[in-house]
Amino acid sequence: MGQNLALNIADKGFPISVYNRTTSKVDETLDRARREGDLPLTGHHTPRDFVLSIKPPRSVIILVKAGSPVDQTIATLSEHMSPGDCIIDGGNEWYENTERRIHDASQKGLLYLGMGVSGGEEGARFGPSLMPGGSHEAYNNIKDILQKVAAQVEDGPCVTYIGEGGSGNFVKMVHNGIEYGDMQLISEAYDVLKHVGGLSNSELAEIFAEWNRGELESFLIEITADIFKVKDDHGEGELVDKILDKTGMKGTGKWTVQQAAELSVAAPTIAASLDCRYLSGLKEEREKASEILREAGLKDEVQNVGVHIDKKRLIDDVRQALYASKICSYAQGMNLLRSKSDQKGWNLNFGELARIWKGGCIIRAVFLDRIKQAYQRNPIWLVWLLTRIR
Ligand code: 6PG
């Protein structure tokens with residue numbers, strides 16, 4: 001992601017220096033910069049050369065694993081930085097770590113931003129959604145760059161100054177919680193259509209592609225339609241049926257649910273999606289349980305339901321259920337953000353958050369425009385939206 005973000009920045013005409021402690025990665029980035037149009041990018045093999053290659057006041061973006069690697073990187077780089085320079089952490093960091101680092105950086109006269117970056121490697125290269133929080137002065141120093149580098153939608157670039165402290169990381173964390181919810185809802189819709197409706201992979205691909213032309217239009221629905229069409233290169237049929245139904249996670253979804261509990265905010269969809277990830281991990285136990293249930297005749301019961309099903313009606317019911325659940329899930333995320341904003345005095349602008357999620361990020365979806373509009377009409381309550389969205 002770091003390499004791609006650097007190439008994106010250079011591609012927009014901003015000269016950039018890059019550094020990685022693995023020398024070959026620096027050389028690889030230089031090679032790509034040459035191949036992708038002689039982009040204004042220079043590579044450096046030591047932290048000192050890297051920092052000194054930038055004209056003060058410097059803005060240094062770091063993209064390393066969250067937690068102690070960030071502290072180590074800051075320690076290495078800040079040795080060569082001067083007061084007024086800024087460090088921008090683009091990882092999925094716990095917001096309190098960012099607040100601690102803002103304080104530590106200020107002791108050395110350095111500015112600090114914790115910036116959520118969404119959209120994966122592809123987004124980083126061609127337009128991510130960016131959620132910077134922390135020093136407003138630091139944001140103003142790189143605002144022009146961020147606005148060019150971010151995904152562009154009809155109502156502007158997908159970046160805005162989020163607020164003080166760790167607000168940028170917190171907003172990205174909730175974005176990820178919503179992402180977990182979206183993925184879970186799509187999985188459940190798939191499960192009902194496949195196991196109750198008996199739809200084949202090619203029918204599923206068509207249904208999801210059709211849904212993606214309506215109110216459900218979004219990145220995750222779009223790629224779901226594509227996934228059903230991928231053939232298994234090593235055997236018969238489609239790859240989706242060969243994927244191990246077992247997942248882990250990096251932590252942001254868990255933090256979202258922990259924060260919801262902490263703030264007494266109901267987030268049942270996001271919590272259920274986290275629970276399902278844990279359950280998916282119990283592969284052996286689930287296989288044993290399914291054997292017992294099959295022996296007790298449960299499989300036949302489900303198959304018999306399928307025989308009498310009105311497929312067209314089922315597909316439409318699932319589509320509407322998915323849309324309604326998605327609205328509830330986003331409302332849960334937004335309510336959590338409202339509660340945290342009140343607690344911390346961040347003064348989050350919810351309409352703006354919905355706007356910068358319209359492009360570039362994993363949860364980008366057409367219906368975020370309606371959420372944005374609802375918040376523009378009423379900046380506090382999303383509940384109001386639920387009566388208006390129909
Ligand atoms: C993004 C994604 C990305 C990743 C998360 C969640 O916005 O680009 O959210 O950050 O998908 O790290 O990963 P897990 O599902 O493994 O927790």
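The figures here come from the full heavy-atom set of this structure, side chains too, leaving out hydrogens, waters and symmetry mates. What you are looking at is a predicted structure, and each value in this text was computed from that prediction instead of being measured. Along the sequence shown, the residues carry numbers beginning at 1. As the structure lists them, so they are numbered: ligands from 1, and atoms in each ligand from 1.
- Counting the atoms of ligand 1 from 1 in the order shown, those under 4.0 Å from a heavy atom of Ile362 are 1 (C), 2 (C), 7 (O), 8 (O).
- The pair Glu93-Arg101 counts as a salt bridge, with a side-chain nitrogen and a carboxylate oxygen less than 4.0 angstrom apart.
- Scanning all protein heavy atoms for the shortest distance to atom 5 (C) of ligand 1 gives Asn176 ND2, 3.4 Å.
- Considering only non-hydrogen protein atoms, atom 12 (O) of ligand 1 sits nearest to Asn92 ND2, 3.1 Å.
- Checked by atom type and distance alone, the side chain of Arg286 pairs as donor or acceptor with a backbone atom of Ser280 at under 3.5 Å.
- When non-hydrogen atoms are compared, ligand 1 lies under 4.0 Å from neither the backbone nor the side chain of Glu121.
- Residue Gly120 has at least one nitrogen or oxygen atom sitting less than 3.5 Å from a nitrogen or oxygen atom of ligand 1, judged on distance alone.
- Of all protein heavy atoms, the one closest to atom 15 (O) of ligand 1 is Arg277 NH1, 2.8 Å.
- Nearest protein heavy-atom contact of atom 7 (O) of ligand 1 is Ser118 OG, 2.4 Å.
- Those atoms of ligand 1 that come under 4.0 Å of a heavy atom in Met249, given as number and element, are 16 (O), 17 (O).
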Next item on the list: Give the intermediate values and the outcome of ring-ring contact (aromatic ring centres under 6.0 Å, His included) for residues Tyr190 and Phe228.
Entry: CA-CA 10 Å; Tyr190 156 75; Phe228 293 121; 5.5 Å; yes
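- Between Gly119 and ligand 1, at least one N/O pair is under 3.5 Å apart.
- Salt bridge status for Arg313 with Asp316: absent, with no side-chain N to carboxylate O gap under 4.0 Å.
- Judged purely by atom type and a 3.5 angstrom limit, Asn8 uses its side chain to pair as donor or acceptor with the backbone of Val149.
- Here the side chain of Ser341 pairs no donor or acceptor atom with the backbone of Arg338 at under 3.5 angstrom.
- Looking at Ser118, its side chain never comes within 3.5 Å of a backbone N or O of Ser129 through a donor-acceptor pair.
- Annotation: atom 13 (O) of ligand 1 to nearest protein heavy atom, Lys250 NZ, 3.3 Å.
- Applying the 6.0 Å contact sphere to NZ of Lys12 captures more than 12 heavy atoms from other residues, nucleotides or ligands.
- When the heavy-atom distances from atom 4 (C) of ligand 1 to Met1, Glu179, Lys254 are ranked, the shortest goes to Glu179.
- The distance from ligand 1 to the heavy atoms of His175 drops below 4.0 Å at these ligand atoms: 7 (O).
- Between Met183 and ligand 1 there is no heavy-atom distance shorter than 4.0 Å.
- At a threshold of 4.0 Å, the pair Asp241-Lys194 counts as salt-bridged, since one of the basic side-chain nitrogens sits closer than that to a carboxylate oxygen.
- Atoms of ligand 1 lying under 4.0 Å from any heavy atom of Tyr180, numbered from 1 in the order shown and given with element: 14 (P), 15 (O), 17 (O).
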